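Here is the structure we will look at, set down as structure tokens.
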Amino acid sequence: MNEESNRSGIVVDARGVNVKGVDKSFGDTAVLHNIDLSVEPGTSLALLGPSGCGKTTLLRLIAGLERPDGGEISVGARTMAGSSTWVPPEKRNVGMVFQDWALFPHLTVGKNVGYGLDRAERKGPRVNEALDMVGLADLADRMPDTLSGGQQQRVALARAIAPRPSVLLLDEPFSNLDSALRVGVRTEVHRLLIDLGITSIFVTHDQEEAFVLGDEVAVMQGGRIEQIGSPQTIYQTPSSPWIASFVGDVNLLSGSGNGVEAETVVGGLRLAEPSNGPLQVLVRPEDLALTADGPGTITLTEYYGHDMMVTVELDGQSVLVRAPARAEWMRGDRVSVSYIGEAANAFS
Ligand code: ATP
């Protein structure tokens, strides 16, 4: 148990979540295979993966909206789903925020927030506390259609936290927002989750969102968890070439391992783990630097403001290099590429 009081006085009893050996099929289609994960109380876990990999199904199993075919799900010390146990969703003390954050259009903001509470609690302090938490205490009497998109999302969040759930589940919470609003709302929700001290699990197919919001990230593919770890671990030491490419720009350079070193198109690199024979060496674009003149030719530049991505054809391989924004590289420039990273990870 991890009881914490935050700036608006809401006390959440954050609980951990454990999923052990969970399987789920729909008809003949196996959608989740032997899922294991554990989320510490008060931390956030991102479920990251491509469309159809089973993220939402896993979230719905934790919420109790689906039943597992095998395995066990517990929240805190309490088993919610297991071979002989089933706790219905409304008894799990788990809040859920859906993709569209839909509010009831015919109810005021206050009534929307009170919707999930017992009748007696709807008139009590919980509605105002939750609205206060999201900075909208003055808007309890307004109708949803008089609010901005960002305010509506905050009301939906207040509705989910008003019953003081031990765990908050969010399904693609920002995917319906346009990109201008998205980053702002994401930062606001991030602050709120930290301030509340609540355990949260959220689904996303967006690597940046998973890294920004998740204390830990579970990367899923084809109904399995491929890797689970901190954003740094997933980015720096991905467990497969597929994960390396899914979580950011990467060069998987063909190389030849010679114990502690590998020979590649960008020269000899130190390896994090000694290896011999043919390798794919993982080199992030920010681990490379360009200098004028040399064997490579720039074939593409993409300017992002904070930096620039440069594609270099080098000895028959296409190499991505992240260059400082002030650099003035142009298509057709001849360049050398050198490695400036730490000891590199490689896949044999
Ligand atoms: P997306 O990012 O596209 O929402 P996802 O990773 O959340 O994808 P799920 O929604 O969990 O994926 O779906 C996983 C697979 O299970 C898909 O192939 C989907 O068609 C299937 N599926 C999900 N729910 C059901 C259902 N109720 N009946 C039959 N098949 C289902």
Side-chain angles (χ1 to χ4, degrees), residues 17-39 44-75 80-81 86-90 92 94-102 153 156-157 160 167-179 181-183 185-186 189 193 199-229 231 234 238-248:
V17 175
N18 274 288
V19 175
K20 262 193 252 153
V22 161
D23 294 309
K24 178 72 186 171
S25 298
F26 291 110
D28 293 340
T29 313
V31 171
L32 293 175
H33 310 269
N34 198 21
I35 298 288
D36 284 323
L37 60 83
S38 107
V39 191
S44 74
L45 174 77
L47 300 175
L48 171 69
S51 182
C53 72
K55 309 177 293 290
T56 297
T57 303
L58 179 53
L59 204 71
R60 290 173 58 82
L61 282 162
I62 296 168
L65 301 172
E66 302 282 355
R67 280 174 191 251
D69 301 331
E72 203 172 284
I73 296 171
S74 49
V75 175
M80 298 294 178
W86 175 253
V87 178
E90 65 278 10
R92 292 190 179 194
V94 167
M96 184 127 178
V97 177
F98 295 95
Q99 208 162 29
D100 52 9
W101 302 66
Q153 302 237 328
L157 189 64
V167 179
L168 193 61
L169 306 177
L170 305 104
D171 189 1
E172 298 265 8
F174 313 108
S175 63
N176 280 358
L177 295 175
D178 64 54
S179 59
L181 204 55
R182 193 175 175 135
V183 171
V185 174
R186 185 176 78 190
V189 171
L193 294 179
T199 310
S200 60
I201 304 179
F202 66 98
V203 159
T204 180
H205 57 264
D206 180 323
Q207 167 259 337
E208 183 180 287
E209 201 163 289
F211 279 15
V212 168
L213 294 178
D215 295 312
E216 296 236 296
V217 177
V219 184
M220 294 182 67
Q221 189 191 18
R224 294 176 203 278
I225 293 184
E226 299 275 329
Q227 187 175 9
I228 184 159
I234 303 273
S239 62
S240 70
W242 178 80
I243 295 175
S245 317
F246 191 68
V247 300

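Note that the coordinates shown come from a computational prediction; the quantities given were computed from them, not determined experimentally. Hydrogens, waters and symmetry mates play no part in the numbers below; they use all other heavy atoms, side chains included. Whatever order the structure lists ligands and atoms in, that order sets their numbers, starting from 1.
In this structure a side-chain-to-backbone donor-acceptor pair under 3.5 Å is present from Asp36 to Gly21.
When hydrogens are left out, the protein atom nearest atom 9 (P) of ligand 1 is Thr57 OG1, 3.6 Å; that is the closest non-hydrogen contact. With respect to atom 3 (O) of ligand 1, the closest heavy atom belonging to the protein is Ser51 OG, 2.6 Å. At the shortest separation from atom 12 (O) of ligand 1 among protein heavy atoms lies Gly54 N, 3.3 Å. Annotation: atom 2 (O) of ligand 1 to nearest protein heavy atom, Lys55 NZ, 2.9 Å. The shortest contact between atom 27 (N) of ligand 1 and any protein heavy atom is with Phe26 CE2, 3.6 Å.
Annotation: the span from Met220 atom CE to Leu48 atom CG amounts to 10.0 Å, rounded to 0.5 Å. Note: Leu59 CG to Glu66 CD = 11.0 Å, rounded to the nearest 0.5 Å. Atom CG of Leu37 and atom CD1 of Ile62 lie 5.5 Å apart (nearest 0.5 Å).
At least one N or O atom of Gly52 sits closer than 3.5 Å to an N or O atom of ligand 1. Any N or O atom pair closer than 3.5 Å counts here, and His205 shares no such pair with ligand 1. For the pair Thr56 and ligand 1, the shortest N or O to N or O distance falls below 3.5 Å.
Between Val97 and Asp171, every side-chain heavy-atom pair lies at or beyond the 4.5 Å cut-off.
For the ligand labelled ligand 1, residue Val31 lies inside the 4.0 Å heavy-atom shell.
Proximity of atom 15 (C) of ligand 1 to the protein is indicated by at least one non-hydrogen atom lying closer than 4.0 angstrom.
Judged by a 6.0 Å distance limit and a 45° cone about the ring axis, Arg92 is positioned over the six-membered ring of Trp86.
Classification of Arg186 and Glu208 as a salt-bridged pair holds, one side-chain N sitting under 4.0 Å from a carboxylate O.
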